[in-house]
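Letters go in sequence order (proteins before strands), and every chain restarts at 1. All heavy atoms count here, side chains included; hydrogens, waters and symmetry mates do not.
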Amino acid sequence: VKPARFDYRAPTSVEEALPLLGLDSAVLAGGQSLVPLLNLRLARPGTVVDVNGIVELDYIRADEGGLRIGALTRQVTLERSELVRRRCPLLAKAVRFVGHPQIRSRGPVGGSVAHADPAAELPAALVALGARFHLRSPAGARALSVSEFLLGPLYTAREPGELLVEVEVPEQPQGGGSGFAEHARTHGDFATAGAAAVIAPGSAGITLLGAGPVPVRATAAERALCDGAEPSEAAALAAQDVEDEHRRALCGELARRAIEEAMR
Amino acid sequence: LSRRLVGQPLRRREDDCILRGRTRYLDDIDPPGAAHVAFVRSPFAHARIAGVMVPERLEDVFAVITAADLEGRVTDLPVQGFEGGEVSAEGHPVLAGDEVRYAGQPVAAVLAASRAAAEDAAELVEIDYHPLEPVLDARASDVTMSRWHRVSGDVDGAFRSAAHVVRASHALPRLAPVPMEPRGAIASYDGVEDMLTVWVSAQDSHRQLAGLSQVLDRPEDSIHVIVPDVGGAFGSKGAPAPETMLVAAAAMTTGRTVKWAEDREENFIASYQGRGMEADIDLALDDTGTMLALRARIWADLGGYLMPTTAIPPHTTAMLMCGVYDIPAADVEVEGRRTNKVPTGPYRGAGRPEAAYFLECTVDAAARELGIDPLDLRRRNLIRQFPYETALGWTYDSGDYARCLDLAEELVEPLRRTDEARVVGTGFGMYVERAGGLFETADAELLPDGRVLVRSGSSPHGQGHDTTFAQLAADRLGVGLEEVELRFGDSKEVPRGVGTFASRSVAMGGSAVVQAVEALKSKCAAVAAELLEAREDELEWREGGRLATGDGRSLGLREVAGAERGIRASSRFSSDLVFSSGAYGAVVEIERATGRLRVLRLAAIDDAGTIINPLLAEGQVVGGTAQGLGQCLVEEAVYDEEGNPTFASFLGYSLLTAAEMPPVITAFVESPSPLNPLGAKGIGEGGAIGTPAAVANAVADALGGVRVDPPFTDAKLWRALREAGP
């Protein structure tokens, strides 16, 4: 497993990086997904644009009631951030399920989101949180909602010339809680299924991972919870459209655990 | 002399070097100017090759080798037979000629200045494949490559008169061995001396040497095999690989040093696999639960070709189908069938886990059918007198099966419970393991400084030979561990032996070491007697390695070495098979909502005869148990309906992590073997053999008797729980 030949560029600013991006280039951040794809020759970019030197994208900032997370912020930073724990505990809970500590110390938040693996934890949590994704290109900047951004397995609305620069998490309702539950073959392995929940009086965000091509927002369950349904009822609603019988049971159980944790 | 070191839980003295990164594995050897190999491997499970188009001159590429280039230079790999069985001559070709029989089979080899350049060029080799229908089910295959059948005693009569006949069908899927260090070989050829030197990551030098000699048709003394440090094998580096043969042949034809260090993807798809057997078993019992006879028909999924040792594990399974029980009559047949998958071969356990699993699951099914406690049923039928010749023809040398079972029951603390959230069950599995056999060699030399150098025909790849063998030698010499140095793995240095497999190192290699040391001591005594002007038989060998006369005069080994240079003695120890045994108990819990299996605790009781180093023996048990649990929980080499491997990376093939390991309670019963001077048997595989049977029976117990085969995935158990009802 040696990659096919590619050119290597290592810009140190977003301005410098943008002109290098295009159809024939791949962005190298943590390398946790791209490097295996390169080595297996499943990805064959002409140019690898290594963004690890763009320090301006490594930050977590309070923004009014919400958070702004630079795309290059490592998952371990998210995991250890007091600000994240205070303002958005769901992210702190979800990130602990990402791989192993070694992986979290390399992998950035933006990489996990832009890779769009349907079994990934952070996209599922960000869907439940109603996050927005900020993209830059030589033509300008735009922001997309999660449903606009995540289009399918390993497939996002990011154009070849665009760089994901920031994840924006809006202010969460007061007096709520959050929960994250996941099922994997072994510790640290890719999730078979999982559920994320953020619940406050009058509002609920529930997402399933491993139940479809992108994280699935369980709107029926959210409505039911707002109307006072029991966690188990809401969980059954969340999983009702999952096709395989065992997977449906699994998603229902994980949704129940996530909801109960959020309501505790 | 007293036993000061044997029996001590000494830590492995080789670990300091390993943990500091000072070991030298195959890929650490970096000969300047070497040609690096990338193989072009078949993407089809079964296809006819109509043509191979090799690209014209490419940058950094030295050669592209196809089967046509090897015509007359190499033969197919040799095939090893076994007693009383038939094996067909379908040895693995070095490179595929006009047919490929599994996805991953090497078709061409590219030699280039770097592995990356070789992989670039490998993509440009065009092969005209005409895909053929693959055969993926062993039972459905119409090509039998190995067969063994034995009927002993009045089987039909026993079944006619039996009060109960219990039938069971089981299957164990194929497993990938996944050593931490993949395979690899480096070869260089000296045309002036006509000497071929091959470094190879292998379990020993001997089988590599014999394989190279046969395939290349060269005398063994014109081949020098060096086994460097090896990062694990689990059986998969025992038989020589076709890739190693290609590397050697390429070194001879190109005159270059040629290096192949395989990557993880190659290791998954092209390294021979383990298990892949299924069986129908009938057990006849009288109305008191006494076993009368056993019938078993076993099918082994051998893959596209026979590797040298492919036919051995199915034969072992068949021979051990009576297990630890006194079953007077048996009719067992095994057929190894050709399929379009990578060949199978010995993998930790190598036929024994299959036998234990098939039989022990049947015994539990019988207990359920007869309404007898599974432990009582076992106790009624255990073999209690040794030596014991089984109906299938092997003679068990010694053992105390009842004691093993008692300990397993006591230590596992059986638990059975059902509530809304989970079901909990307990199960046991017993095993008997063929170990040792054939012969092994050693050579002991007195060094000028009085230390002793032991060269062993047995060679390590993670077992801890450097420590255990030093314990054996140092005790016999009456010296400290540091006075003994061990050497392994270089065919020009160590005596020609058999190698490391079949849990044979201590029983065979260790016995050869003590014999060589005793022979060296005699030679030293003869020299000392002359120096001390005493008779040899009045000399006493004392602590500190001193030879003393009755009147108090003595000499140390350094003085003996000073008097005569190069005192050296060698030995060749041979014996029949020894039979280790054990009883494993498991308590498992299945979560109703998800089907998740948790092994709550495991008791591993092994009888490997006399234990030389209890710490290392326990390490072997725990390691084997982890692999056995992996088989229970996650491991399975799945081919899709077209015969494509879905397990070419750790994404598709999962291994357990430390987080999944339950508490493992170990204990040893020591029934010394009468067949070697140490009383030793084998401990390397027990954990992998006993665990699946015990866990499977615990799972069935938790499921109220519903049977599923490993791996016990959440989905399977969730469905089984619904079948079992509340």
Name the member of B:Ala659, B:Ala715, B:Ala116, B:Ser114 that forms the most heavy-atom pairs with chain A at distances under 4.5 Å. B:Ala715
Would you sort out whether A:Glu245 and B:Arg722 count as a side chain to side chain contact (heavy atoms under 4.5 Å, CB included), showing the intermediate values? CA-CA 12 Å; A:Glu245 241 188 336; B:Arg722 302 182 84 195; 2.8 Å; yes
Where does A:Ala119 contact chain B at under 4.5 Å (heavy atoms): side chain, backbone, both or neither? neither
Please state whether the side chain, the backbone, both or neither of B:Glu591 comes within less than 4.5 Å of a heavy atom of chain A. side chain
Give a yes or no on this: more than 12 heavy atoms of other residues, nucleotides or ligands lie within 6.0 Å of atom OH of B:Tyr129. yes
Given 3.5 Å as the limit, does a donor-acceptor pair link the side chain of B:Glu265 with the main chain of A:Leu40, or not? no
Quick check: are there more than 12 heavy atoms from other residues, nucleotides or ligands sitting under 6.0 Å from CZ of A:Arg85? yes
List the steps and the verdict of side chain to side chain contact (heavy atoms under 4.5 Å, CB included) for A:Arg41 and B:Asp120. CA-CA 10 Å; A:Arg41 298 189 174 213; B:Asp120 286 345; 2.7 Å; yes
Which heavy atom of A:Lys2 sits nearest a heavy atom of B:Glu119, and at what distance? N-OE1, 2.9 Å
Kindly check if the number of other-residue, nucleotide or ligand heavy atoms within 6.0 Å of CZ (B:Phe650) is above 12? yes
So, taking the atom named CG in B:Leu656 and the one named CG in A:Asp189, what distance separates them when rounded to the nearest 0.5 Å? 11.0 Å
Looking at every non-hydrogen atom in both residues, tell me the closest pair between A:Ala249 and B:Ala593 and how far apart they are. CB-O, 4.0 Å
For B:Asp714 and A:His246, which I'm curious about, is there any donor-acceptor pair between the side chains at under 3.5 Å? no
A:Thr186 vs B:Val634, test: side chain to side chain contact (heavy atoms under 4.5 Å, CB included). Steps then yes/no. CA-CA 8 Å; A:Thr186 58; B:Val634 292; 4.0 Å; yes
Applying a strict 4.5 Å limit to non-hydrogen atoms, the region of B:Glu123 in contact with chain A is side chain
Side chain, backbone, both or neither: which part of B:Leu655 has an atom under 4.5 Å from a heavy atom of chain A? backbone
At a heavy-atom separation under 4.5 Å, does A:Arg248 approach chain B through its side chain, its backbone, both, or neither? neither
Output the distance between atom CZ (B:Arg596) and atom NE2 (A:His183), rounded to the nearest 0.5 Å. 4.0 Å
Rounding to 0.5 Å, atoms CZ (A:Arg185) and CG (B:Leu633) come to a distance of 12.0 Å
Is it the side chain or the backbone of B:Arg719 that comes within 4.5 Å of chain A heavy atoms, both, or neither? side chain
Pick one of side chain, backbone, both or neither for A:Leu254, based on which atoms fall under 4.5 Å of a heavy atom in chain B. neither
